[in-house]
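Whatever order the structure lists ligands and atoms in, that order sets their numbers, starting from 1.
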Amino acid sequence: MHHFHYKKNELHCEEVPLQKIAEEVGTPTYVYSSATFGRHFRVFDAAFQGISHLTCFAMKTNSNIALLRAVSKWGGGVDIVSGGELFRALTAGVPAHRIVYSGVGKTEAEMEYALRSDILLFNVESADELLTLANVAKRIGQRAPVAIRVNPDINPKTHPYISTGLKKSKFGIQIKESLKLYEASKKYDSLIIRGVSCHIGSQITQLKPFIDTVRRLRDFVQLLKQKGFDIQYIDLGGGLGIPYKNETPPSPAQYAGALKKELKDMRITLLLEPGRVIAGNAGILLTRLLYRKKQGNKNFVIVDAAMNDLIRPALYGSYHEILPVKKRGGRKERVNVVGPVCESADFFAENRPLPVLPANELLSIMSAGAYGFTMASNYNSRLRAAEVLVHGNEFYVVRQREEYKDLLKGEHVPKFLV
Ligand code: LLP
């Protein structure tokens, strides 16, 4: 359920016509519905009622500080993967004790920043990283709260680029191997073992991979507890899928129900890192049709957004529904919706039936709230899009469109060329 709907044949976000946003802010623009985002967060979080838990929004999906502020106000935390994300989260007012830090390549500087900020948990992904963290913590006279990210070797049955819990992937540590690391951690006074973490992949549309994972983790935690480790947290990562087209992922209630059942007798706090399921269908990318072109037997519709704005179709062949902002009946034609970037992969849809659309028409690329703006780049020196947050019948520009001068930030011509 989301709040992008037609009213009198005009696509609205909540009470605001998208046409109005396009006129005032221009295109391409990301538009987020605060009602949808809030509903998704609260439904997810409430589904875990009855078990001690913390919902840490995976901010790699959408790191606009307005959205992070909202998450924080609703009692949520965030899952971060870089010093930059930590900076954003703290700037947005997310309390450090609700921040968990994942990722295979944390630098010493990032570790120090997170330690000094007093975050909740480091999800450590290798023996080398554990040693580095122990040394950094010792050097600055702190103790680092640690969970080891295990790799449960579960096939999440999703796109290979977004599967992360398989034996062959770079993420986490095999359960058996990780036991050695837990033992090794005892040597370091600067580490406090707090938990076990994992994340098996993204856009997962079945319950079984999650259930298999939680069972493996549960057994492992029992073993660790027997060995005297004070395991307070199980971090199950994110991964719950969403409907882009006709997928039927489990609801948050089904997901939470299954996990709670497996964990009911364990005295732990469950950490969750949902991203896509909260943000994905809370945002769209608003774009304007520039030109139409027939080439061979193909109809191209060229829009002003491109792969630098939303790279998912180019990178994963992902499907995003495309809706005309003004609802049109009549004949449909099959078109390729493409952007202005100089790459053949710069497309949003191929061979898609759409009503025949005139130039200047506005289009809404749906389900773009997760991994949309956060994966945007300046490729082709294109300005990154504006971001707008809608709240009832009001809307706010929560990130200005970039200007040409932003493209040159920090860039210099060396003296010998002057
Ligand atoms: N926690 C960790 C440690 C992760 O690596 C991820 C996503 C998440 C949580 C959030 O997963 P979610 O709930 O959103 O499925 N760019 C790709 C997705 C990459 C996912 C990476 N990890 C895409 O656009 O589909």
Test your reading of the structure: does [X] have an N or O sitting under 3.5 Å from an N or O of ligand 1?
{"X": "Gly275", "value": "yes"}
{"X": "Gly239", "value": "yes"}
{"X": "Ser102", "value": "no"}

Could you list which atoms of ligand 1 come closer than 4.0 Å to a heavy atom of [X]?
{"X": "Arg149", "answer": "3 (C)"}
{"X": "Ser202", "answer": "11 (O), 12 (P), 14 (O), 15 (O), 20 (C)"}
{"X": "Met375", "answer": "16 (N)"}
{"X": "Gly238", "answer": "9 (C), 13 (O)"}
{"X": "Pro274", "answer": "13 (O)"}

List the atom pairs, with distances to 0.1 Å, where a side-chain N or O of residues 363-375 and a protein N or O form a donor-acceptor pair under 3.5 Å, not counting sequence neighbours.
{"from": "Ser367", "atom 1": "OG", "to": "Asn281", "atom 2": "OD1", "distance (Å)": "2.6"}
{"from": "Thr374", "atom 1": "OG1", "to": "Lys60", "atom 2": "O", "distance (Å)": "2.8"}
{"from": "Thr374", "atom 1": "OG1", "to": "Thr61", "atom 2": "O", "distance (Å)": "3.3"}

Is [X] atom [atom1] crowded by more than 12 heavy atoms from other residues, nucleotides or ligands, each under 6.0 Å away?
{"X": "Gln400", "atom1": "CD", "answer": "no"}
{"X": "Lys208", "atom1": "NZ", "answer": "no"}
{"X": "Tyr6", "atom1": "OH", "answer": "yes"}
{"X": "Arg69", "atom1": "CZ", "answer": "no"}

Checklist entry - So is Ala370 close enough to ligand 1, meaning a heavy atom under 4.0 angstrom away? => result no

Item to check | Asp79 to ligand 1, any heavy atom closer than 4.0 Å | outcome: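 Asp79 counts as a contact of ligand 1 under the 4.0 Å cut-off.
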
Please work out, at 4.0 Å between heavy atoms, whether the side chain, the backbone, both, or neither of [X] comes within that distance of ligand 1.
{"X": "Tyr316", "value": "side chain"}
{"X": "Thr61", "value": "side chain"}
{"X": "Ala58", "value": "side chain"}
{"X": "Met59", "value": "neither"}
{"X": "Asn123", "value": "neither"}

Next on the checklist: Testing the 3.5 Å rule here: is there a donor-acceptor pair between the side chains of Glu321 and Tyr244?
Outcome noted: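 Looking only at side-chain atoms, Tyr244 and Glu321 do not form any donor-acceptor pair under 3.5 Å.
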
Checklist entry - Can you list the residues that meet the ring pair (Phe, Tyr, Trp, His ring centres under 6.0 Å) rule with Tyr188, with sequence neighbours excluded? => result none

Checklist outcome for this item: Among Glu273, His199, Arg276, Gln203, the residue with a heavy atom nearest to atom 6 (C) of ligand 1 is His199

Checklist entry - Can Glu403 and Arg384 be counted as an ion pair, charged N to O under 4.0 angstrom? => result no

Next on the checklist: Taking Arg328 first and then Glu361, would you say they form a salt bridge - that is, a charged N and a carboxylate O separated by under 4.0 Å?
Outcome noted: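 Salt bridge between Arg328 and Glu361, a charged N being under 4.0 Å from a carboxylate O: yes.
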
Checklist entry - Could Lys227 and Tyr182 be counted as a cation-pi pair, given that NZ or CZ must be under 6.0 Å from the ring centre and within 45° of the axis? => result no

